[in-house]
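Because the structure is a prediction, the values reported are computed rather than measured. The basis for the numbers below is simple: all heavy atoms, side chains too, and nothing from hydrogens, waters or symmetry mates.
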Amino acid sequence: MIILGAPVFAFGIIESLSDGASSFVKLFSGYFADKLGRRREFALGGSVATAVFPAIIAIASSWYVVLAGRLAGWIGKGIRSPTRDAILSKSVETKDLGKAIGRVHSGNHFGG
């Protein structure tokens, strides 16, 4: 795959850095959201970042800009996911927790 005349390895760099950054941020975002008592703000900020930053790809003039947009968007995803799950876990009964988390995660993977 060639992105804006970039070398073939650029796609691997973009994907691996984005996914790695998202996973790394997940380690800390839930902790800080709980410690600061700002779950809602973290989830909202992460959701906005996930929606806005990948749009940069549409106006990209180089693969470095694609990397920046994808990386920032996936960091937002890493911030959003743990805090969203924590909010969800507090809003449903314990017996329904698995169904609720499963529904949210299946919606993320299947376009819902």
| With sequence neighbours excluded, what pairs up with A68 under the side-chain contact (heavy atoms from CB on, under 4.5 Å) test? | none
| request: Please name the pair of heavy atoms, one in A43 and one in I87, separated by the smallest distance, quoted to 0.1 Å. | output: CB-CD1, 4.1 Å
| task | Indicate if V52 and L44 have the same hydrophobic cluster label, given that clusters are the connected sets of ILVMFWY residues with side-chain heavy-atom separations under 4.5 angstrom. | result | yes
| message | If the condition is side-chain contact (heavy atoms from CB on, under 4.5 Å), which residues does E41 pass it with, not counting sequence neighbours? | response | R38
| request: Indicate if V65 and F9 have the same hydrophobic cluster label, given that clusters are the connected sets of ILVMFWY residues with side-chain heavy-atom separations under 4.5 angstrom. | output: no
| message | If we ignore hydrogens and angles and just use 3.5 Å, is the side chain of S22 paired with the main-chain N or O of G76 as donor and acceptor? | response | no
| Worked verdict on W74 versus V25 for side-chain contact (heavy atoms from CB on, under 4.5 Å) | CA-CA 9 Å; W74 259 232; V25 170; over 6 Å; no
| field | Shortest non-hydrogen separation from R80 to T50 and the atoms involved | value | NH1-CG2, 3.6 Å
| field | Considering all heavy atoms, the nearest G69-I56 contact | value | CA-CB, 4.2 Å
| task | Write down the atom of K26, the atom of P82, and the distance for their closest heavy-atom approach. | result | O-CG, 3.8 Å
| In terms of hydrophobic clustering (I, L, V, M, F, W, Y; side-chain heavy atoms under 4.5 Å; direct or indirect links), are V48 and I79 co-clustered? | no
| request: Consider only side-chain heavy atoms of I, L, V, M, F, W and Y, link residues closer than 4.5 Å, and tell whether I75 and F28 are in one cluster. | output: yes
| With distance as the sole test, does S106 use its side chain to make a donor-acceptor pair with the main-chain N or O of R103 at under 3.5 Å? | yes
| task | With rounding to the nearest 0.5 Å, note down the distance linking CD1 in I101 to CG in D85. | result | 4.0 Å
| request: Assess whether side-chain contact (heavy atoms from CB on, under 4.5 Å) is satisfied between R84 and L88, documenting all intermediate values. | output: CA-CA 6 Å; R84 179 205 55 214; L88 183 61; 5.5 Å; no
| said: Show me the pairs that pass ring-ring contact (aromatic ring centres under 6.0 Å, His included) and involve residues 31-53, at least two apart or across chains. | reply: none
| For K99, all residues meeting side-chain hydrogen bond (donor to acceptor under 3.5 Å, both in side chains), sequence neighbours excluded | D96
| Shortest non-hydrogen contact from A49 toward P54 | O-CD, 3.6 Å
| Same apolar cluster: I59 and I14, side chain cutoff 4.5 Å | no
| task | For the pair S81 (side chain) and K77 (backbone), establish whether a donor and an acceptor sit closer than 3.5 Å, ignoring hydrogens and angles. | result | yes
| query | Below 4.5 Å, heavy atoms only, C-beta onward: do I13 and W63 meet side chain to side chain? | reply | yes
| message | Restricting to ring-ring contact (aromatic ring centres under 6.0 Å, His included), what partner residues turn up for Y64, sequence neighbours left out? | response | none
| query | Considering residues at least two apart in sequence or located in another chain, which fulfil the side-chain contact (heavy atoms from CB on, under 4.5 Å) criterion with A86? | reply | R39
